[in-house]
Amino acid sequence: MKHKIIPTVVIIATFLVFGCIQSLDAQKNQNSANVIVYGGTSAGIAAAIQSSRMGKSVVLIEPTNRIGGLTTGGLGQTDIGNKIAIGGISREFYENIKTYYDNPKNWKWQKKSEYLDGGQTRTERGENSMWTFEPSAALSVYKDMIAKENITLIYNERLNRKNGVKKTDGKIQSIKMESGKVFSGDVFIDATYEGDLMAISGVSYTYGRESNDQYGETLNGVQANIKNTSLRGIVSRNGYNHNFIPGVDPYVKKGDPKSGLLPNVVEKPGLEGSGDKKIQAYCFRMCLTDHPENRIPFKKPEGYDEIDYELLFRNYEARKGPIRDMYNYGNSLLPWINSSMPNRKTDTNNKFGFSTDYIGKNYEYPEASYVERERIVEDHRKYQMGLMWTLANHPRIPKEVRDEASRWGTTKDEFERPDGWQQQLYIREARRMVSDYVMTQYNCEGLHIPNDPIGLGAYGMDSHNIQRYVDANGFVQNEGNVEAHGFKPYPISYKSIVPKKEECENLIVPVCLSATHIAFGSIRMEPVFMVLGQSAATAASLAIDTGSAVQDVHYLTLRKALLKDGQRIK
């Protein structure tokens, strides 16, 4: 019998060994914390910091190798609207930015005395905050803030969007990454620009533009009119800014519709005020410099095709008079906004009719696979690279424009890519949750006031262009631009960042929150995302303490905690 026992023992031992190995592998891939934050954007960082400060264990998962989203990705001149609306960790960040630049060591390419900030971000005398900064400065400040907290930071882990969420009885138990790693927690916060965790958790959402009729708005849907009036009588010059000068032909062969339309032009915009699934344009907020030692000249990208820039050429050629006078506003040679940042760098953004916004090329992005999104991002980069090379070099561009554009280039010392381009595309809008409270134009204009505020929005209702079309005169126009300003800071509802209770009880969504296209156009600013991230983490901690669903957090308790931590909610 002994010769039969030995194999049995070996088999049992083998199973035990393999079982232990599998158990160890499972433990290696299993991570748990009170709060799991998916997305290392500015909102995600604020959420992680607040969770730590409230004594909760927290894991912050960033799908790429760089935290900070747009705040560290080139958007250095902060869109605020009204600084008084910003409190808590968000204001703390901008105070830390000032401390960073108070250090002479952080002025490499110019003296501090030589730098002049401007516009809405100008630091007033005696102010202890600074609102304009280099991407690298923001990254340094964020890393310092995280290092002081008990935060487990995970890089390069993307959510498995096929079956990466395990839910039981309306609660997320764990999320699984493409790598196989699993993260379990009590409350989850989706702080991504795309809302991927929200989407695969069974939460209602939308994307694109609602019709004006859906929520009784006036500035949503197709906006082809030159002027539209807001609910409070504010006139929004929707079709005026960032458009072509009159007379730019849209056809491959001028005047010949049979020759076909030039790239990214459609025949008709749609009915005024009607909804669609089109998205306001994305771009890269380039960090440029004119310092010779730190400048990388613009290069022609592979696959460059000048027909992609034919509308740019025709826009210059259709002008009457000097280039600086070709628009009714701006007085600029270049079709971009160069907002100065420290160390002779800029935050460069879209301006005029043909610029850095790649209009009409992002419609698929919200629902696209990771592979498709990467293709869209690279397509945007190639377009923008080609635009900058064209402005600096192409003979059909006026010489004075080429001379000015050639002074600029990407920076050597900001981003990981050797060509000076960042990886973070400006995702101005993607998915938006649909919860029990939808923020609308009525909220922005102060006509509807929620009874559960967790932060303030303060910027104007703002949408970049969404499509190019042929107008009634047979010329090309952009459509979708909305710039409606002139209202006070307004409260954002707690119910707008939590899903309907029947859909998920332990998920909070501070970025892709429940708002219409036009209301989101005001809320979607980085300082406000930080505010909402902190408020989301506060609510998450209170839900954990009481063992309740996030929808059942007692608002007066939440309000007291928010005010204690410096949030501004009225």
Side-chain angles (χ1 to χ4, degrees), residues 42-43 46 77-95 118-124 126-129 131-132 212 215-220 223 227-238 241 428-429 432 437-464 481-497 510-511 513-535 555 558-559 562-563 565-570:
S42 55
Q77 186 167 95
T78 309
D79 291 319
I80 308 167
N82 192 326
K83 296 174 185 176
I84 200 170
I86 307 303
I89 291 170
S90 185
R91 179 165 286 271
E92 181 182 332
F93 167 78
Y94 295 104
E95 291 172 349
Q120 62 175 332
T121 63
R122 184 183 296 110
T123 300
E124 306 297 336
E127 187 177 1
N128 64 346
S129 303
W131 305 85
T132 301
N212 273 330
Y215 292 99
E217 298 171 305
T218 62
L219 299 176
N220 212 332
Q223 299 285 312
K227 294 182 181 179
N228 277 352
T229 303
S230 77
L231 295 163
R232 290 178 57 234
I234 299 168
V235 174
S236 175
R237 303 180 72 86
N238 298 355
N241 288 344
R428 289 189 170 94
E429 182 177 9
R432 301 186 307 279
Y437 194 104
V438 180
M439 298 288 294
T440 70
Q441 182 180 341
Y442 286 89
N443 292 104
C444 297
E445 298 190 21
L447 300 173
H448 286 175
I449 300 174
N451 60 7
D452 57 351
I454 54 167
L456 299 176
Y459 201 72
M461 287 175 285
D462 181 278
S463 173
H464 282 235
N481 183 77
V482 178
E483 299 173 56
H485 301 267
F487 46 85
K488 296 178 181 179
Y490 58 91
I492 299 170
S493 170
Y494 174 59
K495 287 188 287 291
S496 73
I497 69 168
V511 176
L513 77 164
S514 181
T516 64
H517 157 73
I518 195 58
F520 189 81
S522 170
I523 296 168
R524 64 176 179 85
M525 306 305 162
E526 293 286 285
V528 178
F529 282 157
M530 279 189 260
V531 167
L532 296 180
Q534 177 179 349
S535 295
Y555 176 68
L558 174 59
R559 182 180 185 275
L562 295 177
L563 292 174
D565 291 331
Q567 291 283 56
R568 297 176 182 177
I569 59 177
K570 65 177 181 178

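The first residue in the sequence is number 1, and the count goes up from there. Both backbone and side-chain heavy atoms feed into the values below; hydrogens, waters and symmetry mates do not.
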Of all the heavy-atom pairs spanning [X] and [Y], show the shortest one and how long it is.
| X | Y | result |
| --- | --- | --- |
| Leu231 | Gly216 | CD2-O, 3.8 Å |
| Val511 | Ala43 | CG2-CB, 3.5 Å |
| Gly87 | Val531 | O-CG2, 4.2 Å |
| Ile523 | Tyr490 | CG1-OH, 3.3 Å |
| Pro489 | Leu456 | CB-CD1, 4.3 Å |
| Arg568 | Ala85 | CB-O, 3.9 Å |

Inset, instruction - Quick one: list whatever passes salt bridge (Lys or Arg N to Asp or Glu O under 4.0 Å) with Arg91, sequence neighbours left out. - result: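 Listed in chain order: nothing, the list is empty.
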Legend entry - salt bridge (Lys or Arg N to Asp or Glu O under 4.0 Å) partners of Asp565, counting only residues at least two apart: none
Legend entry - Atom CD1 of Ile84: over 12 foreign heavy atoms under 6.0 Å: no
Roughly how far, to the nearest 0.5 Å, is [atom2] of [Y] from [atom1] of [X]?
| X | Y | atom1 | atom2 | result |
| --- | --- | --- | --- | --- |
| Ile492 | Leu532 | CD1 | CG | 4.5 Å |
| Ile80 | Met525 | CD1 | CE | 11.0 Å |
| Glu217 | His517 | CD | NE2 | 9.5 Å |
| Ser514 | Phe520 | OG | CZ | 11.0 Å |
| Ser493 | Asn443 | OG | CG | 8.0 Å |
| Ile89 | Glu95 | CD1 | CD | 12.0 Å |

Inset, instruction - Please check if any side-chain donor atom of Ser90 sits under 3.5 Å from a side-chain acceptor atom of Gln534, or the reverse. - result: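 Per modelled atom types, Ser90 and Gln534 side chains form no pair under 3.5 Å.
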Inset, instruction - For Asn212 and Thr218, test the side chains for any donor-to-acceptor distance below 3.5 angstrom and give the result as yes or no. - result: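 Checked: Asn212/Thr218 side chains show no N/O donor-acceptor pair below 3.5 Å.
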Inset, instruction - Please assess Tyr94 against Met530 for the test side chain to side chain contact (heavy atoms under 4.5 Å, CB included), listing each intermediate value before the final yes or no. - result: CA-CA 11 Å; Tyr94 295 104; Met530 279 189 260; 3.4 Å; yes
pair [X]-[Y]: side-chain heavy atoms closer than 4.5 Å:
| X | Y | value |
| --- | --- | --- |
| Ser129 | Lys83 | no |
| Ile86 | Trp131 | yes |
| Tyr215 | Asn220 | no |

Between [X] and [Y], is there a donor-acceptor pair closer than 3.5 Å when you use the side chain of the first and the backbone of the second?
| X | Y | value |
| --- | --- | --- |
| Tyr437 | Ile497 | no |
| Gln441 | Leu219 | yes |
| Glu429 | Gly521 | no |
| Ser522 | Cys444 | no |
| Asp452 | Lys495 | yes |

Inset, instruction - Decide side chain to side chain contact (heavy atoms under 4.5 Å, CB included) for Arg559 and Lys570; before the verdict, give the C-alpha distance in whole Å, the side-chain angles of both, and the deciding distance to 0.1 Å. - result: CA-CA 11 Å; Arg559 182 180 185 275; Lys570 65 177 181 178; 3.7 Å; yes
Inset, instruction - Please determine if Asp462 and Arg524 form a salt bridge, counting it only when a charged side-chain N lies under 4.0 Å from a carboxylate O. - result: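 A salt bridge links Asp462 with Arg524.
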Inset, instruction - Name the orientation class of the two ring planes belonging to Tyr459 and His485 (parallel below 30°, tilted from 30 to 60°, perpendicular beyond 60°). - result: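 Perpendicular: the ring planes of Tyr459 and His485 meet at over 60°.
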